[in-house]
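Nothing here was measured: the structure is a model prediction, and the numbers come from that model.
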Amino acid sequence: MADGTITRRGKSSWRLKYDLPRDPETGKRRIVYVTVKGKRADAAAELRRRLTTLDKGIHVDPSKITVGEYIDDWLDSTAPKTVAPAALERYRSLARNQVKPHLGSIPLQKLRPADVDRWLQALGKPRQDVPKGGKAQISSRSIRAAHGVLGAALAHAAAVELVERNVARIIKPPKLVRQEMVILTDGQIGDVLERMRDHPSLYPIVALAIGTGARRGEIAGLRWSDLDLDRNTGGSMTIERSIEQTQRDGLRVKQPKTAAGRRTISLPQFAADALRQHRLEQRKLRLALGVGALPADAWVFGDHEGNLPNPYSITDRWRDAVKNRKLPKVTFHAFRHTHASALIAAGLDVVSVSRRLGHASPALTLSVYSHLFVNNDDAAARAIDAVLGPS
């Protein structure tokens, strides 16, 4: 097996050194130097990976590797260490559809800011091959996300000294153009709940989404032990996990990204009532099937065999209900925005709204819903007058 060395270069930085096969034309020795940040074990693992690929004859000369080849390698070997599976799947899609078709064939070390600039401009232009009625242009959000994937990959390439600089950091992506949220109006909320009431499996999910603003994955991840259905106050719900699905890994349970995501929130009466009825129906079904009492840790929206609820199926069932019941054409995620809008319209302060939604900070809540908060500058002036005015 090929050999290499590891040398410390600071508190948490290591330099790898190993040889490539001699240049076939000149016969000169070719040495590779790579800097790895982290523990020595991380550096050793990276060196082993590189030497293994070298021994298998699949090592690529750093001067010849293309942007597409490097991004593929980064997505397979480096990104999974820090990126959640669902997000990683999104990264792969963006790389495959938005990055590689434009930049993939360019040698990594020859990628220039001008290439990135032309790429971003190309993404922002309407496509000519879209059928009539199709989506002719990708959104600014998708362009920014694709730029983020390229930037993250190049940041690692710069860290291990495959490139001198991260050229994606030099050219900024377009500003985010926020599209108007399509949500349920005040009059539609009650109508939707009433028209969904006879849908036994979906009604409690819709009621919970509208009544709490919880994310689809958080609702799917509820266990009965997370609910306190007090008949006098409505009850409460504790969110400690969510369920996501990826093509590679299938369904998986994950913890909230931030401490704010793990929260206990109160339930409105209509949502608590829907959950009590849902629990009663589950107990009746288990009794009829002879499978025993309902376990306290059973999934609220799972089946009697204990299988994980599928978040995608919730979206599909809501889409079917919209079509079959002639309901307002809003996405399931719109329930979260509907809930937030209702709280803001009722005068709830941004900190309380942020905590209920599980946002990492009130700043995030403001970035999404700032247009909904009423400018109450006159009231502010009156308040300061009351403090500083004559007694």
Side-chain angles (χ1 to χ4, degrees), residues 60 62 64-131 133-160 162-182 215-217 244-249 254 257 311-312 315 331 333 337 360 364 367-368:
V60 179
K64 296 180 180 179
I65 189 171
T66 65
V67 172
E69 290 168 338
Y70 180 75
I71 288 181
D72 284 342
D73 179 72
W74 175 75
L75 287 170
D76 289 337
S77 62
T78 303
K81 299 175 183 177
T82 57
V83 180
L88 185 60
E89 200 163 87
R90 171 67 170 156
Y91 280 23
R92 293 185 192 279
S93 175
L94 289 165
R96 179 174 61 253
N97 298 317
Q98 311 302 346
V99 182
K100 291 167 63 177
H102 299 268
L103 304 175
S105 62
I106 300 175
L108 178 67
Q109 295 183 348
K110 292 185 178 181
L111 184 67
R112 297 292 179 261
D115 298 317
V116 177
D117 187 49
R118 283 192 294 270
W119 166 61
L120 290 175
Q121 291 185 38
L123 290 182
K125 292 179 180 178
R127 289 174 51 191
Q128 303 300 318
D129 60 340
V130 178
K135 192 173 183 180
Q137 188 175 2
I138 66 173
S139 67
S140 61
R141 184 181 297 277
S142 293
I143 295 176
R144 291 176 64 87
H147 180 273
V149 171
L150 177 66
L154 293 181
H156 184 261
V160 297
L162 281 178
V163 296
E164 292 184 0
R165 57 181 178 166
N166 182 348
V167 295
R169 186 173 295 173
I170 300 172
I171 304 298
K172 304 300 182 184
K175 292 183 178 180
L176 181 63
V177 178
R178 295 194 180 277
Q179 297 179 338
E180 185 176 352
M181 300 175 188
V182 180
R215 301 174 178 91
R216 179 188 64 178
E244 69 176 11
Q245 182 178 26
T246 64
Q247 292 181 350
R248 289 194 173 196
D249 302 327
K254 67 174 186 177
K257 291 181 181 179
Y312 282 176
T315 299
T331 65
H333 189 67
H337 295 315
L364 175 58
S367 71
V368 178

4.5 Å side-chain heavy-atom contact, [X] and [Y]:
| X | Y | answer |
| --- | --- | --- |
| L150 | W119 | yes |
| L123 | H147 | no |
| Q98 | V149 | no |
| L111 | L154 | yes |
| Q109 | Y70 | no |
| T66 | S105 | no |

Margin query: What I want to find out is whether R112 reaches D115 closely enough, with some N-O distance under 4.0 Å, to be called a salt bridge.
Written below: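 Looking at D115 together with R112, the answer is no, because their closest N to O distance does not fall below 4.0 Å.
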Where do [X] and [Y] come nearest, in terms of heavy atoms and distance?
| X | Y | answer |
| --- | --- | --- |
| G151 | A168 | CA-CB, 3.7 Å |
| S140 | K175 | CB-O, 3.7 Å |
| L120 | P173 | CD1-CA, 4.0 Å |
| P113 | V167 | CD-CG1, 3.8 Å |
| L88 | A79 | CD1-CB, 3.8 Å |

When rounded to the nearest 0.5 angstrom, what is the spacing between [atom1] in [X] and [atom2] in [Y]?
| X | Y | atom1 | atom2 | answer |
| --- | --- | --- | --- | --- |
| D117 | K172 | CG | NZ | 13.0 Å |
| I138 | I143 | CD1 | CD1 | 4.5 Å |
| I71 | L103 | CD1 | CG | 7.5 Å |

Notebook entry, point to check: Could you give all pairs that pass the salt bridge (charged side-chain N to carboxylate O under 4.0 Å, His left out) test and reach residues 72-86, with sequence neighbours left out?
Noted result: R49-D73, D72-K100, D76-R92
Margin query: Keeping R165 on the side-chain end and A158 on the backbone end, is there a donor-acceptor pair under 3.5 Å?
Written below: no
Notebook entry, point to check: Within the distance-only criterion (no hydrogens, no angle test), does the side chain of S367 pair as donor or acceptor with the backbone N or O of L364 below 3.5 angstrom?
Noted result: yes
Check: Who passes side-chain hydrogen bond (donor to acceptor under 3.5 Å, both in side chains) against E89, sequence neighbours left out?
Finding: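 Residues passing side-chain hydrogen bond (donor to acceptor under 3.5 Å, both in side chains) with E89: none at all.
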